[in-house]
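Here is the structure we will look at, set down as structure tokens.
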Amino acid sequence: MKPTTCFAPAHILLPSEQVPLEQWGCIACDQFTSDRSYWQRAEETAAGAPSTLNLILPEVYLEEDDVDARISAIHAAMDDYTRNVLTRTVDGFIYVERTEQSGRVRQGLVGRIDLEAYSYAEGAVPAIRPSEHTVESRIPPRMKVRTGAALETPHIMMLADDPDCTLIEPIAAHKDSLPKVYEGELMLGGGHVAGWAVEDPALIAQIENALTVLGSQEEFDKKYPDATRRDPLTLAVGDGNHSLATAKACWEELKKTLTPEQAENHPARWCLAEVCNVHSPAIEIEPIHRVLFNVDCATVLLSLITWSDSNMAGCCFGGSKKQPFTLAGPHMANVLSFEDPTEPLTVGTIDDFISDYIERHPEAKVDYVHDEPAVRALCKQGAVAFLMPPFAKSDLFRGVVMGGVLPLKTFSMGHAEEKRYYIECRKITE
């Protein structure tokens, strides 16, 4: 039977209690994309035990010659784990508590997202929307992993705009009466995580009722009286935008081969994800910095000034203008700002420049890095970075409602090690 809300209970698979959590749980595949040593250490940590590391393709390897062999090995591991490792089930939601490096506890609910209620198409206004621009060229390589896969495991984190704490926090208040399904430390500094099964029909109904109210026209009109579009927004993608877009693209392809009756309840119609409250004190929205490789700092600075002049962006030294940022290289770091920026956010104006620069300098490569210390370390190795100003999390939903989407990789939720780790699994084949 089809669920009544866009985020619904799921048949969730978990490994046997004998599998060590520190080896089983693996960080999101789109982290440490310029740091192979991290993934080598992860392989050493997981060696000899079942691990979700064997169910994913770290994006650091996306352009390797052996990518097809890696994908075949992933699919084989999924088949093996389905039969021999994933021996426990939860029918409902999993309430998650993740202790961050700061000591704060991030609360979330793991369930399934209805891909029919989500779209990454430009201008679309469904109940579930991306918060950032989706680069469609990034989807096909990821589709190779999901197409033919028996399982999914999520690093997607969705955000609810729930200032009155009606969705997740009431479940947290009941956690002592819920069965705990996992608890332990995560590999390589990931910190502590615990999960509880939410299978009580009354609690499930409470979650679904709260979600219905959050996605109602009345609630939307109250929060965004000045919105030009009147289509309510229930959930926004906080992390894992391209993973959710890949699930959607795979579903649209599969749906063409199904009858309407088959499509109604096919497991691939849904995608496992964790929902968090954007108003939680434990949710920190941090800027994502831009790092250029194979470039010379002086050349980048000169090109930036030239580009600014031709676009009348008013780039100048000092942070006193509308959009301040820091340009850092191996031997220098300067605060600059734009007086007449080309985009509403600093990150958008910088991206306009970087697109122009890479078009003129095809040898240059760009990466997106969350942590400032990691950025500074890359600069010491010869990279040139644009360090972004802080991002106000209160602007996130308003930005999606009022402006459609934010620029690609505008923000990050927490430090790299605090990203969601793969733990739960779900079958996506019949």
Side-chain angles (χ1 to χ4, degrees), residues 1-13 29-30 55-57 62 68 71-72 74-75 78-79 82 86 91-93 110-158 208 211-212 215 231-275 400 404-405 422 424-430:
M1 194 170 128
K2 189 178 139 216
T4 56
T5 57
C6 60
F7 178 62
H11 183 66
I12 299 170
L13 307 177
C29 65
D30 59 353
L55 304 180
I56 62 144
L57 178 62
L62 262 184
D68 290 339
I71 292 171
S72 295
I74 289 165
H75 290 169
M78 288 178 175
D79 294 336
T82 301
L86 296 163
D91 285 294
F93 298 96
V110 176
R112 57 183 174 145
I113 293 291
D114 185 357
L115 295 170
E116 287 291 315
Y118 157 77
S119 174
Y120 57 84
E122 209 73 45
V125 282
I128 302 170
R129 298 174 209 170
S131 53
E132 296 182 330
H133 177 69
T134 304
V135 180
E136 295 196 28
S137 63
R138 296 182 60 192
I139 296 173
R142 291 156 182 79
M143 286 181 73
K144 287 183 181 178
V145 181
R146 192 173 176 96
T147 302
L151 296 172
E152 64 173 0
T153 181
H155 76 258
I156 299 159
M157 291 180 67
M158 309 297 299
E208 292 179 331
L211 204 67
T212 299
D231 308 271
L233 169 63
T234 307
L235 297 172
V237 185
D239 215 357
N241 186 43
H242 287 87
S243 292
L244 189 59
T246 298
K248 173 73 169 180
C250 287
W251 168 238
E252 292 298 329
E253 285 297 307
L254 178 62
K255 194 165 63 167
K256 295 172 188 173
T257 70
L258 304 174
T259 66
E261 293 75 24
Q262 289 171 325
E264 190 77 5
N265 287 300
H266 194 285
R269 172 180 170 159
W270 287 273
C271 182
L272 215 55
E274 180 178 347
V275 171
V400 173
V405 292
Y422 304 106
E424 305 84 357
C425 295
R426 189 179 74 90
K427 280 196 72 175
I428 55 173
T429 54
E430 290 190 311

Margin query: Ring-plane angle category for H155 and Y422, please: parallel below 30°, perpendicular beyond 60°, tilted otherwise.
Written below: perpendicular
Treating [X] as the side-chain partner and [Y] as the backbone partner, does any N or O pair qualify as donor plus acceptor under 3.5 Å?
X: K427; Y: L151; value: no
X: E424; Y: P154; value: no
X: R426; Y: W270; value: yes
X: K248; Y: Y118; value: yes
X: H75; Y: V145; value: yes

Rounded to the nearest 0.5 Å, what separation is found between the [atom1] atom of [X] and the [atom2] atom of [Y]?
X: Q262; Y: K255; atom1: CD; atom2: NZ; answer: 13.5 Å
X: C29; Y: L62; atom1: SG; atom2: CG; answer: 7.5 Å
X: F7; Y: I128; atom1: CZ; atom2: CD1; answer: 9.0 Å
X: T5; Y: I113; atom1: OG1; atom2: CD1; answer: 9.0 Å
X: L211; Y: C6; atom1: CG; atom2: SG; answer: 5.0 Å

Nearest heavy-atom pair of [X] and [Y]: which atoms, and what distance?
X: P126; Y: S119; answer: CG-N, 3.5 Å
X: A249; Y: Y120; answer: CB-OH, 3.8 Å
X: A150; Y: M78; answer: N-SD, 3.8 Å
X: G215; Y: P232; answer: O-CB, 3.3 Å
X: L115; Y: L244; answer: CD2-CD1, 3.8 Å
X: H266; Y: I428; answer: CE1-O, 3.8 Å

Notebook entry, point to check: Would D30 and H242 satisfy side-chain contact (heavy atoms from CB on, under 4.5 Å), going step by step from the backbone distance to the final call?
Noted result: CA-CA 10 Å; D30 59 353; H242 287 87; over 6 Å; no
Are the side chains of [X] and [Y] in touch, meaning some heavy atoms are under 4.5 Å apart?
X: W251; Y: T246; result: no
X: E122; Y: H133; result: yes
X: C425; Y: E152; result: no
X: I56; Y: I74; result: no
X: E274; Y: I156; result: no
X: E253; Y: M143; result: yes

Margin query: Set out, in order, the CA-CA distance, both residues' side-chain angles and the distance that settles side-chain contact (heavy atoms from CB on, under 4.5 Å) for L235 and V275, then state yes or no.
Written below: CA-CA 8 Å; L235 297 172; V275 171; 4.0 Å; yes
Notebook entry, point to check: Mind checking what makes side-chain contact (heavy atoms from CB on, under 4.5 Å) contact with K144, not counting sequence neighbours?
Noted result: D68, I71
Check: For residues T134 and N241, is any side-chain donor paired with an opposing acceptor at under 3.5 Å?
Finding: yes
Margin query: Under a 4.0 Å threshold between the charged nitrogen and the carboxylate oxygen, would R269 count as salt-bridged to E116?
Written below: no
Check: Could you go step by step and tell me if T153 and L272 meet the side-chain contact (heavy atoms from CB on, under 4.5 Å) rule?
Finding: CA-CA 7 Å; T153 181; L272 215 55; over 6 Å; no
Next item on the list: Write out all pairs satisfying salt bridge (charged side-chain N to carboxylate O under 4.0 Å, His left out) with one or both partners inside residues 126-143, taking only residues at least two apart or from two chains.
Entry: E59-R138, E59-R142
